[in-house]
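Because only heavy atoms are used, hydrogens play no part in the values below, and waters and symmetry mates are left out as well, while side chains stay in.
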Amino acid sequence: MKLGRRLLLILLTLLLVFSSGMVYAVQFSDAKNHWADQYIDQMSDAGFVAGYDANEFRPDDNISRVEFFSIINSMANLKKTYTVTFSDVKTSDWFYEDVAKAIKAGYLVPTTGRLNPNNPISRQDVMGIVGYMYKLKQNPALLDRFKDGNSFTPENRGYAGALINLGVVSGGNDFLLRPDEGISRAEICKILFLLMDEYGLPGERVVVDSKIKFGDRNLYD
């Protein structure tokens with residue numbers, strides 16, 4: 001099984017190389033010798049993350065909500081969309097389609113009010129979305145060992161425990177998970193690469209229009 005998953009990653013990389021002529025792995029100037037350099041390189045080579053001007057990746061910057069949506073949507077190859085009604089998301093925004101896909105996939109709730117799309121996504125929201133997209137078996141009891149385990153929302157708690165159980169997420173020596181804090185671009189690369197390496201890419205998820213939840217319009221304020 002593990003060999004098969006590694007072959008999948010190799011094939012994905014080769015596909016990117018041969019489909020565009022001579023393409024070489026991107027080496028970001030600020031990712032060299034970074035603790036997450038191997039995860040950043042792998043995710044970049046697979047085409048799921050990109051850098052900024054001046055060949056920078058900014059690994060220690062917090063990732064925004066829409067940046068994360070874009071990555072997970074690409075990994076799951078999401079295609080279907082739903083009309084976006086967030087007051088601060090316009091059709092001209094680069095991330096409009098990614099928000100529309102996130103709603104249709106069922107991991108972005110609520111779907112109205114203000115999204116504040118460029119704000120950092122919280123650690124617990126990342127865990128909830130990743131767990132949902134990978135259909136992980138929820139394990140909320142594992143959060144009891146952490147001092148701030150009760151700070152997770154019911155929707156995210158079980159998936160956070162699942163990721164802890166898999167060894168993809170771990171707290172520090174202080175037994176804190178800091179669920180409402182931001183998460184860095186480097187940490188995202190590590191979490192997603194470890195899951196991709198073990199389980200492959202997440203499958204497409206689609207919610208029928210009548211089941212899409214609107215939720216609390218003030219959740220993202």
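For D60, the side-chain hydrogen bond (donor to acceptor under 3.5 Å, both in side chains) test picks out H34, with sequence neighbours left out.
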List the steps, then state whether side chain to side chain contact (heavy atoms under 4.5 Å, CB included) holds for F95 with S70.
CA-CA 7 Å; F95 49 79; S70 178; over 6 Å; no
List the steps and the verdict of side chain to side chain contact (heavy atoms under 4.5 Å, CB included) for Y132 and E155.
CA-CA 10 Å; Y132 171 81; E155 295 80 10; over 6 Å; no
Decide side chain to side chain contact (heavy atoms under 4.5 Å, CB included) for Q42 and M196; before the verdict, give the C-alpha distance in whole Å, the side-chain angles of both, and the deciding distance to 0.1 Å.
CA-CA 10 Å; Q42 293 281 4; M196 185 171 66; 5.7 Å; no
Got a list of side-chain donor-acceptor pairs under 3.5 Å for residues 133-142, not counting sequence neighbours?
residue	atom	partner	partner atom	Å
Y134	OH	G200	O	2.8

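Under the 4.5 Å side-chain heavy-atom criterion for Ile, Leu, Val, Met, Phe, Trp and Tyr, L176 and V169 are members of distinct hydrophobic clusters. A continuous path of ILVMFWY side-chain contacts below 4.5 Å connects W35 to F57, so both sit in one hydrophobic cluster. Hydrophobic clustering, with ILVMFWY side chains joined whenever heavy atoms are under 4.5 angstrom apart, keeps L201 apart from V206. Under the 4.5 Å side-chain contact rule for hydrophobic residues, F68 and Y52 do not share a cluster. Linking Ile, Leu, Val, Met, Phe, Trp and Tyr whenever their side-chain heavy atoms come within less than 4.5 Å leaves Y82 and V208 in two separate clusters.
Looking only at atom types and distance, the side chain of T153 has a donor-acceptor partner in the side chain of N156 under 3.5 Å away. Y39 and D197 form no side-chain donor-acceptor contact under 3.5 Å, judged by distance and modelled atom types alone.
Within the 4.5 Å cutoff, the side chain of R185 has no heavy atoms near those of the P59 side chain. When side chains are defined from C-beta on, L192 counts as touching M75, because their heavy atoms get closer than 4.5 Å. The shortest side-chain heavy-atom distance between L108 and L115 falls under the 4.5 Å cut-off. Taking 4.5 Å as the limit, some side-chain heavy atom of I164 sits within range of a side-chain heavy atom of L177. Contact annotation: the side chain of Q38 never approaches that of M43 to less than 4.5 Å [non-hydrogen atoms, C-beta and beyond].
Here side-chain hydrogen bond (donor to acceptor under 3.5 Å, both in side chains) pairs that include residues 158-181, with residues two or more places apart or in two chains, are Q124-D180, D174-R178. Listed by first then second residue, pairs satisfying salt bridge (charged side-chain N to carboxylate O under 4.0 Å, His left out) with a partner in residues 95-111 read E97-K101, K104-D209, not counting sequence neighbours. Within the structure, the side-chain hydrogen bond (donor to acceptor under 3.5 Å, both in side chains) test picks out the following pairs touching residues 140-150 (sequence neighbours left out): D144-R157. Judged as a salt bridge (charged side-chain N to carboxylate O under 4.0 Å, His left out), the pairs with a partner in residues 81-91 (not counting sequence neighbours) are, in order, D88-R114.
Shown here is F175, whose CZ atom has no more than 12 heavy atoms of other residues, nucleotides or ligands within 6.0 Å.
To the nearest 0.5 Å, atoms CG (L166) and CG (L194) are separated by 10.0 Å. For the atom pair CG (L78) and CD1 (I72), the distance works out to 8.5 Å, reported to the nearest 0.5 Å. Between I188 atom CD1 and E67 atom CD the span is 10.0 Å, to the nearest 0.5 Å. Taking CG of N116 as the start and CD1 of I121 as the end, the distance is 12.5 Å to the nearest 0.5 Å. Rounded to the nearest 0.5 Å, atoms SG (C189) and CZ (F48) are 11.5 Å apart. Rounding to the nearest 0.5 Å places CG of N62 at 7.0 Å from OG of S184.
A salt bridge links E187 and R123; the closest N-O separation between the charged side-chain nitrogens and carboxylate oxygens is under 4.0 Å.
Nearest heavy atom pair, residue P179 against residue S151, reads CG-CB, 3.7 Å. The heavy-atom pair separating I103 from T83 by the smallest distance is CD1-O, 4.3 Å.
Under a 3.5 Å cut-off, the side chain of D30 and the backbone N or O of R58 do form a donor-acceptor pair. In this structure, the side chain of N73 engages the main chain of F69 through a donor-acceptor pair within 3.5 Å. With hydrogens and angles ignored, the 3.5 Å screen pairs a side-chain donor or acceptor of N55 with a backbone N or O of Q27.
For the pair R205 and Y107, the NZ or CZ position fails the cation-pi test of under 6.0 Å to the six-membered ring centre and within 45 degrees of the ring normal.
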